[in-house]
Amino acid sequence: MDQALAMLDAARQALQDLRQAGRGAQGGDDGDDDGVQRGCISMADIKNELGVWFQLKPTGVVPCPRSGHATCTDGTVLYVYGGFCDPVSTFPKLLRYHILSNTWEELQTTGPNPKLCLSHSMVLAGSHIIVFGGTGFPFGFELSCHLHICDLRTLEWTVHGPPTIESSEDEDEDVLSDSSEVGDSEGDSEGEEVFHWAQGDHVSEESDGGSDGTEEAGEWVGQPFSEEEIQRLDDAIRRGEIVVLDQDAGDAGDAGDVRMEEGSSEVESDGEAQAGEGMEQGADQADEEAAQGIQAHEAEEYEEPQVYPAARFGQSLAFDPRRRVLWMFGGTTGHEFYNDLWCFDLVSQRWEELPEQHQTPSARYRHQTVIVDDKLYLFGGGAPGVVYEVDDVRVFDLKTKVWYSLPILPIHVPEGQLPPPALACPRLVCHAITEHDGVVYILGGKSGMGPNNDMWALNLRLEAPQWQLIACDQPQTTWFHTLTATPHGALFCFAGVKPVHGNEQRTNKVLAMQLTVPTLTQLCLRKLAHPRFEDKWDKLSKSLQHQLAAPY
């Protein structure tokens with residue numbers, strides 16, 4: 001009841017703002033900084049207009065300017081990992097931006113976090129952030145082929161990938177081992193444990209109960225005696241270091257009791273013979289059990305060897321929630337460019353490479369993919385001397401496992417009118433792409449005419465899709481930035497590179513745009529996020545408190 005009353009109070013305030021917005025749009029009320037102007041809805045210190053970019057001014061632990069980072073969102077918070085900024089700085093930290101409270105914080109994580117955090121890929125899968133690939137600085141000198149997974153409930157990183165290969169004295173370190181990425185010995189240890197867990201640790205040690213409590217016997221438990229070990233026992237018996245005692249008549253069928261006795265010279269031959277016979281039988285039985293165990297272990301663990309993608313950066317990664325898998329395409333080492341498609345099953349923890357087809361897209365990097373209605377859509381990218389046009393969209397059908405080209409209608413320009421400069425240059429690089437409700441949005445980037453701040457939209461659910469130029473401009477022109485859409489229809493653009501007096505400069509700006517009219521629940525939460533409503537937060541559910549970034 002308390003939560004309902006708090007939401008109702010916020011709803012009344014939101015509706016009052018909407019009425020003020022209507023009057024403002026008719027010219028009856030200009031509003032002020034804390035009010036509503038031309039349809040704006042108050043959102044604490046944030047004001048967003050429908051279809052208009054607005055530069056936010058967050059508080060908290062504001063990130064440094066950067067590029068080459070990755071972002072993802074659950075609609076409540078925006079997660080940022082990695083990035084690069086001059087002079088030679090990388091940021092292997094996980095940051096979180098609370099949308100409603102407009103605040104940044106740096107999360108304190110544990111475990112082997114990704115150290116190679118430039119041009120990596122990142123997705124959100126339920127309560128886990130997944131990072132794949134990446135490079136460090138200098139670019140391409142070190143590469144990663146590991147999946148790093150952060151459980152957002154515990155803020156603990158784990159790693160999945162091939163085991164670290166230690167080089168010999170005469171060999172250079174294997175760059176694919178990514179040993180430098182995991183970090184110190186503690187991080188390597190944790191990564192190794194996760195690898196064994198992902199593969200399935202089938203090795204078990206079973207005791208045959210034959211230990212007599214000595215150190216040597218403890219080492220030999222469950223293992224066959226070697227010729228050398230049997231000879232050592234015989235020599236010890238001959239030297240009188242082991243005394244073999246006969247059993248009582250009722251225990252004549254048992255092997256003799258063997259014990260260590262310093263300085264003893266008495267040896268009973270019957271006990272020696274029985275002990276030797278018992279050791280031989282134990283060795284034979286242990287040999288047989290060990291052989292059976294090895295055969296079962298080999299059949300279970302090595303029947304289907306694990307395969308991994310090559311280390312790379314600039315690849316794309318998309319999460320398929322219906323199948324609980326990841327789809328990874330392309331990327332580069334800096335010298336070699338890939339066009340391979342891989343699938344990672346989050347349940348079985350195994351990679352699978354899909355066979356190349358006639359329609360498989362060309363090798364590239366810095367492209368992006370989205371999944372809409374059981375189809376993987378591939379946009380843009382480039383390779384040495386090649387920049388792929390944004391209207392050359394390739395599609396991978398997740399049901400039939402077939403690549404094909406998506407037919408797109410040409411951009412319509414009314415007769416007698418010249419197309420805008422952006423329409424004459426459809427080739428873009430370093431742009432950002434996101435998807436909301438079946439519509440793909442492309443923002444910024446570079447073309448043959450230099451950097452631009454245009455935004456384009458393509459509705460993938462139309463029978464004949466066509467790129468549409470959105471009539472809005474970014475407050476700043478950027479490339480190597482990120483663009484993320486929330487389930488509630490809000491776009492967030494973060495960081496990137498911008499032109500400054502003929503030079504390039506990295507930024508840490510957060511830009512926001514509301515694509516659709518927010519739901520009443522979202523409007524209520526926006527009002528509740530205001531400090532004057534803090535006394536009502538404890539009346540809300542944990543889920544709503546999480547959205548408000550309230551401490552609990």
Test of understanding: with side chain to side chain donor-acceptor pair (under 3.5 Å), list the residues that count as partners of [X], not counting sequence neighbours.
| X | value |
| --- | --- |
| Thr507 | none |
| Arg66 | none |
| Ser67 | Arg506 |

Taking the six-membered ring for Trp, are [X] and [Y] parallel (under 30°), tilted (30 to 60°) or perpendicular (over 60°)?
| X | Y | answer |
| --- | --- | --- |
| Phe329 | His367 | perpendicular |
| Phe379 | Tyr377 | parallel |
| Trp351 | Phe344 | tilted |

Legend entry - Trace of the side chain to side chain contact (heavy atoms under 4.5 Å, CB included) decision for Trp456 with Val440: CA-CA 8 Å; Trp456 294 81; Val440 169; over 6 Å; no
Legend entry - Heavy-atom pair with the smallest gap, counting every atom of Pro309 and Met328: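 Between these two residues, the closest heavy atoms are CB-CE, 3.6 Å.
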With no hydrogens and no angle check, just 3.5 Å: does a side-chain donor-acceptor pair link [X] and [Y]?
| X | Y | answer |
| --- | --- | --- |
| Thr484 | Thr71 | yes |
| Asp340 | Trp342 | yes |
| Gln315 | Ser121 | yes |
| His160 | Gln349 | no |

Side chains of [X] and [Y] in contact at under 4.5 Å (non-hydrogen atoms):
| X | Y | value |
| --- | --- | --- |
| Ile433 | Tyr441 | no |
| Ile408 | Val393 | yes |
| Leu107 | Leu95 | no |
| Thr90 | Cys117 | yes |
| Leu398 | Asp320 | yes |
| Phe139 | Ser119 | no |

Legend entry - Cationic N near anionic O, under 4.0 Å, Asp374 to Lys399: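 So Asp374 pairs with Lys399 through a salt bridge.
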Inset, instruction - Would you mind checking if Arg153 and Asp151 are paired as a salt bridge, meaning a charged N to carboxylate O distance below 4.0 Å? - result: yes
Inset, instruction - Any side-chain hydrogen bond (donor to acceptor under 3.5 Å, both in side chains) involving residues 401-410? Give me the pairs, sequence neighbours left out, ordered by first then second residue. - result: Arg394-Ser405
Inset, instruction - Taking ring-ring contact (aromatic ring centres under 6.0 Å, His included) as the test, write out the residues that go with Phe337, two or more places apart. - result: Tyr365
Legend entry - Tyr338 six-ring face occupied by Arg312 cation (under 6.0 Å, within 45°):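 Yes, Arg312 sits over the ring of Tyr338.
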Legend entry - Phe494, Tyr79, Phe480 screened by ring pair (Phe, Tyr, Trp, His ring centres under 6.0 Å) with His69, the one that passes: Phe494
Inset, instruction - Can you run down the salt bridge (Lys or Arg N to Asp or Glu O under 4.0 Å) pairs that involve residues 364-373, sequence neighbours left out, and say none if there aren't any? - result: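 For residues 364-373: Asp373-Arg461.
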